Amino acid sequence: MASSTVSRVRRQLPTSPWLFAAPGLLIIGAFILYPFVSTLVNAFTDRRTLIPGEFVGLANFRELLHDDMFWIGLRNSSLYVLGVVPALVILPLLLALLVQKNIPGITFFRSAFYTPVVASIVVVGLIWVWLLDERGLINSLLEAVGVGRIGFLSDQWLLLLSAMAVTVWKGLGYYMIIYLAALANVPRELHEAAAVDGAGAIRRFVTVTVPAVRSTMALVGALSSVAAFKVFSEVYLMAGPSGGPAGEDTTLVMLVQRTGTGLTGRVGYASAISVVVFVVTVALMLLVLRADRRGET
């Protein structure tokens with residue numbers, strides 16, 4: 001009886017791991033692999049929302065080259081990366097250095113800094129719209145002190161900068177936690193040796209802390225670059241579906257949503273824009289990781 005049980009178990013072993021992995025594989029296939037492959041296929045067709053479409057080759061990508069809105073979206077998404085990523089690489093590190101010490105009440109501040117991360121982006125966006133509106137709290141205070149009202153949500157560049165500020169504010173706590181984990185692994189002896197040599201706080205930060213968390217900074221740079229280039233919610237909530245004045249604040253993901261949705265949505269053209277977004281985000285990640293490798297050599 002024992003031998004029959006062993007043989008039965010041996011017959012079941014090759015399939016048992018796949019049975020355990022099946023639910024996860026089905027989810028990945030249904031919600032990641034299938035949409036990804038479908039987007040790639042649709043990018044080479046003229047498919048619309050209610051029309052299957054036909055193969056058109058590179059026509060959608062050629063059209064992108066002559067689409068002014070595509071270049072506006074690419075400009076805004078690129079500026080978003082340039083404006084947001086440096087802040088999200090440096091500021092959370094400085095914040096982590098402030099809250100890493102175990103002093104009374106520090107847990108409250110850690111929780112307070114992390115609260116925007118768990119808050120709904122819709123709620124956060126609406127709060128900031130209320131603050132920055134022409135009749136909002138900030139403009140009311142500025143008018144009270146004699147500065148005058150500022151069109152944070154009506155000026156093309158101020159609106160984009162305001163959306164960047166919201167992204168940085170919401171992401172500070174998330175990347176702070178990543179840096180806290182990295183700083184916990186920095187040997188205290190390095191700081192003590194630098195202090196004995198007469199290094200001040202700034203010099204210890206530059207010569208000890210930064211080299212020790214260089215890989216973490218590269219990780220944060222890669223994650224924030226991808227998130228910044230794919231920004232949607234902040235700009236959409238603050239600029240509206242039209243993308244601000246004359247659509248000048250439209251990002252690439254907003255253009256995908258605007259072009260590919262609705263009963264007459266150009267799914268094929270929107271898929272081509274999505275492919276461009278995918279290629280650029282992968283390129284950004286590779287550039288950041290390659291720069292990190294060069295810095296370590």
Side-chain angles (χ1 to χ4, degrees), residues 23-81 84 120-126 129 153-154 156 159-160 163-164 166-167 223 225-286:
L25 292 175
L26 288 174
I27 293 174
I28 293 174
F31 296 102
I32 297 179
L33 293 180
Y34 174 74
F36 178 75
V37 174
S38 178
T39 299
L40 286 178
V41 173
N42 289 332
F44 298 95
T45 68
D46 60 353
R47 181 179 178 180
R48 292 180 177 269
T49 302
L50 301 177
I51 303 175
E54 298 179 354
F55 180 77
V56 294
L58 298 175
N60 289 325
F61 295 95
R62 286 194 294 267
E63 185 178 348
L64 287 177
L65 300 177
H66 305 286
D67 187 351
D68 292 337
M69 286 307 302
F70 168 76
W71 292 109
I72 290 175
L74 182 61
R75 177 200 66 192
N76 291 332
S77 296
S78 301
L79 289 175
Y80 218 88
V81 173
V84 166
S120 168
I121 184 59
V122 176
V123 174
V124 169
L126 292 176
V129 167
L153 303 181
S154 56
Q156 171 191 347
L159 195 154
L160 198 63
M164 291 180 187
V166 174
T167 300
L223 293 176
S225 296
V226 172
F229 194 80
K230 297 191 304 179
V231 65
F232 172 79
S233 300
E234 293 91 326
V235 181
Y236 184 86
L237 290 169
M238 302 183 77
S242 61
E248 288 293 327
D249 291 297
T250 301
T251 64
L252 283 181
V253 178
M254 289 179 65
L255 186 60
V256 171
Q257 184 269 342
R258 186 189 308 166
T259 306
T261 57
L263 295 178
T264 59
R266 300 181 60 192
V267 178
Y269 189 65
S271 298
I273 303 175
S274 300
V275 170
V276 173
V277 173
F278 171 75
V279 171
V280 173
T281 52
V282 171
L284 285 172
M285 291 183 62
L286 294 177

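Fair warning: this is a prediction, and the values are worked out from it, not measured in the lab.
Counted within 6.0 Å of CG on Leu263, heavy atoms from surrounding residues, nucleotides or ligands total 12 or fewer; the atom is thus considered open.
Rounding to the nearest 0.5 Å places CZ of Arg62 at 5.5 Å from CG of Leu58. In this structure, CZ in Arg266 is found 13.0 Å from CG in Asn42, a value given to the nearest 0.5 Å. Expressed to the nearest 0.5 Å, how far CG of Asp67 lies from CG of Leu74 amounts to 11.5 Å. In this structure, Leu33 CG and Ile27 CD1 are separated by 12.5 Å, a value rounded to the nearest 0.5 Å. In this structure, the separation between CH2 on Trp71 and CG on Leu65 is 6.0 Å, given to the nearest 0.5 Å. The CG atom of Leu284 lies 6.5 Å from the CZ atom of Phe229; values are rounded to the nearest 0.5 Å.
Tested against Val267 for a side-chain contact (heavy atoms from CB on, under 4.5 Å), the candidates Thr49, Thr261, Asp46, Ile51 yield a single pass: Thr49. Each of Val280, Val81, Val253, Val256 was compared with Lys230 under the side-chain contact (heavy atoms from CB on, under 4.5 Å) criterion, and only Val253 meets it.
Residues meeting the side-chain hydrogen bond (donor to acceptor under 3.5 Å, both in side chains) test with Arg75, sequence neighbours left out: Glu248.
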**OP:** Show the numbers, then the answer: is there a side chain to side chain donor-acceptor pair (under 3.5 Å) between Ser271 and Arg47?
**Re:** CA-CA 9 Å; Ser271 298; Arg47 181 179 178 180; over 6 Å; no

**OP:** Please report the C-alpha distance between Phe44 and Val56 in whole Å, then the side-chain angles of each, then the deciding distance to 0.1 Å, and finally whether the side-chain contact (heavy atoms from CB on, under 4.5 Å) criterion is met.
**Re:** CA-CA 6 Å; Phe44 298 95; Val56 294; 5.7 Å; no

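In plain terms, the two heavy atoms of Gln156 and Pro245 that are nearest each other are N-CG, 4.4 Å. The two residues Leu40 and Val275 come nearest to each other via the heavy atoms CD2-CG2, 3.9 Å. When all heavy atoms of Ala272 and Phe61 are compared, the closest pair comes out as O-CE2, 3.7 Å. Residues Leu153 and Leu159 share a closest heavy-atom pair of O-CD1, 3.1 Å.
At distances below 3.5 Å, not a single donor-acceptor pair connects side-chain atoms of Asn76 with backbone N or O atoms of Leu252. A distance-only check finds no donor-acceptor pair linking the side chain of Ser38 to the backbone of Pro35 [under 3.5 Å].
Taking 4.5 Å as the limit, every side-chain heavy atom of Met69 sits out of range of all side-chain heavy atoms of Thr259.
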Determine all donor-acceptor pairs shorter than 3.5 Å in which one atom belongs to a side chain in residues 231-241; sequence neighbours excluded.
{"from": "Glu234", "atom 1": "OE2", "to": "Thr167", "atom 2": "OG1", "distance (Å)": "3.0"}

